[in-house]
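Working notes, beginning with the structure itself.
All values below were derived from every heavy atom in this structure, side-chain atoms included, with hydrogens, water molecules and symmetry-related copies excluded. For ligands, and for the atoms within them, numbers begin at 1 and follow the listed sequence.
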Amino acid sequence: MEAGKLSVVATPIGNLGDMTFRGLWTLKEADVIYAEDTRVITKLLSHYGLRTAVLRLDAATEAKKAAEVVARLERGEHVALVSDAGTPAISDPGARLVAHVRRALPEAKIEALPGPSAIPAALSIAGIPADSFLFLGFLPHKKGRQSALTRIAAMLEQDSPCGEVPVVLYESPHRILKLLQELENVAPEARVTLARELTKMHEEVLAGTPAELAASLKKGGKARGEFVVILEPSGI
Ligand code: SAM
């Protein structure tokens, strides 16, 4: 029997209208969709009137579920993988599953269904040259956080051995003020851009020093929503 196909499908980061035609068609045609949170994908599927079966595959179960996915692919099934928002494997589950399938069943087709992701969305409206940039995702929560911040501050300096490129981070609403405070400690003069609530009604881009941004978020009660944080090199 011919091996099946694993489709890695990007989904909207807020606005359900951002689903691509090809991604939708794939979610419709798949035998099963593995999703980080079944409630999130069910909302998307019902928005588009789709009824494909959904199973859970999150960071905690990814390794365990990989064998199950391989068994399906061996039976010739078409499996789709989605995360809660944006592109799977970008600060989301997906990479371990794909690596496992590649190893265990090299004859299976693995295809990319590109679409939304918060990184290009933020950079596209930040007004910061992004011919190259360094994406670091979420900083470690505890161990290694301080040294990561110190390294980032050094990278923003004009004579950085890494060259002068913007640094892009992800941050959640409940840690954004903490991150701004930490950035103020290591790089008080840094020019920081926050892109929040991308593709949603309250989409907004704010720029300033870490202290200015913290004051603005506190004042406007705006420390809600998801954030992409872009740090500009000092020589830009
Ligand atoms: N896989 C996703 C992608 O391709 O962008 C990223 C998932 S990661 C778990 C979630 C983080 O992405 C959020 O904490 C935030 O930093 C960023 N993010 C996701 N959606 C966003 C949005 N609508 N506006 C701003 N940032 C967003």
Side-chain angles (χ1 to χ4, degrees), residues 6-20 22-23 26-27 33-41 43-44 47 56-62 80-99 111-128 130 133-141 145 148-149 152 166-180 182-183 192-207 210 213-214 216-217 220-231:
L6 173 63
S7 302
V8 180
V9 184
T11 57
I13 57 169
N15 190 322
L16 296 185
D18 289 337
M19 192 65 216
T20 68
R22 192 169 157 246
T26 300
L27 295 182
I33 301 169
Y34 279 83
E36 199 181 354
D37 185 331
T38 54
R39 288 162 303 182
V40 176
I41 185 70
K43 197 172 148 207
L44 179 74
H47 181 79
R56 191 176 179 108
L57 184 150
D58 57 20
T61 58
E62 188 173 3
L81 173 73
V82 298
S83 60
D84 280 355
T87 303
I90 307 293
S91 297
D92 262 343
R96 273 188 293 173
L97 173 68
V98 169
E111 66 173 10
L113 282 289
S117 184
I119 314 162
L123 289 170
S124 72
I125 55 168
I128 297 167
F133 61 90
L134 180 66
F135 173 60
L136 295 178
F138 293 101
L139 292 184
H141 290 170
R145 188 175 178 92
L149 285 158
I152 290 170
V167 176
V168 182
L169 306 174
Y170 279 166
E171 194 50 280
S172 66
H174 52 277
R175 283 209 188 79
I176 189 70
L177 289 172
K178 176 174 185 269
L179 176 64
L180 289 170
E182 291 166 328
L183 289 173
V192 182
T193 295
L194 300 180
R196 64 184 282 272
E197 300 273 66
L198 288 161
T199 76
K200 302 184 195 176
M201 190 192 292
H202 299 293
E203 175 177 288
E204 193 171 22
V205 173
L206 304 162
L213 289 170
S216 153
L217 291 189
K222 286 179 182 168
R224 294 190 304 273
E226 303 293 329
F227 289 85
V228 177
V229 181
I230 305 167
L231 300 145

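Within the 3.5 Å criterion, the main-chain N or O of P140 finds a donor-acceptor partner in the side chain of R145. Distance alone, capped at 3.5 Å, is enough to place a donor-acceptor pair between the E62 side chain and the L97 backbone. Between the side chain of R22 and the backbone N or O of P114, no donor-acceptor pair lies under 3.5 Å.
Checking D92, L198, I176 against atom 22 (C) of ligand 1, the nearest heavy atom belongs to L198. When the heavy atoms of H202, E226, E197 are ranked by distance to atom 13 (C) of ligand 1, first place goes to E226. Here the shortest heavy-atom distance to atom 9 (C) of ligand 1, taken over P116, S91, P173, belongs to S91. Among I90, D18, L194, the residue whose heavy atom lies nearest to atom 6 (C) of ligand 1 is I90.
The two residues E111 and S7 make their nearest non-hydrogen contact at OE2-OG, 2.7 Å.
Each of V8, L57, V9 was scored for a side chain to side chain contact (heavy atoms under 4.5 Å, CB included) with P88, with one residue passing: V8. Here the rule is side chain to side chain contact (heavy atoms under 4.5 Å, CB included) with V229, and of T193, L213, V192 only V192 fits it.
In terms of N/O distances under 3.5 Å, ligand 1 is approached by S117.
Using a 4.0 angstrom heavy-atom cutoff, A85 counts as in contact with ligand 1.
The protein heavy atom nearest to atom 11 (C) of ligand 1 is F138 CZ, 3.6 Å.
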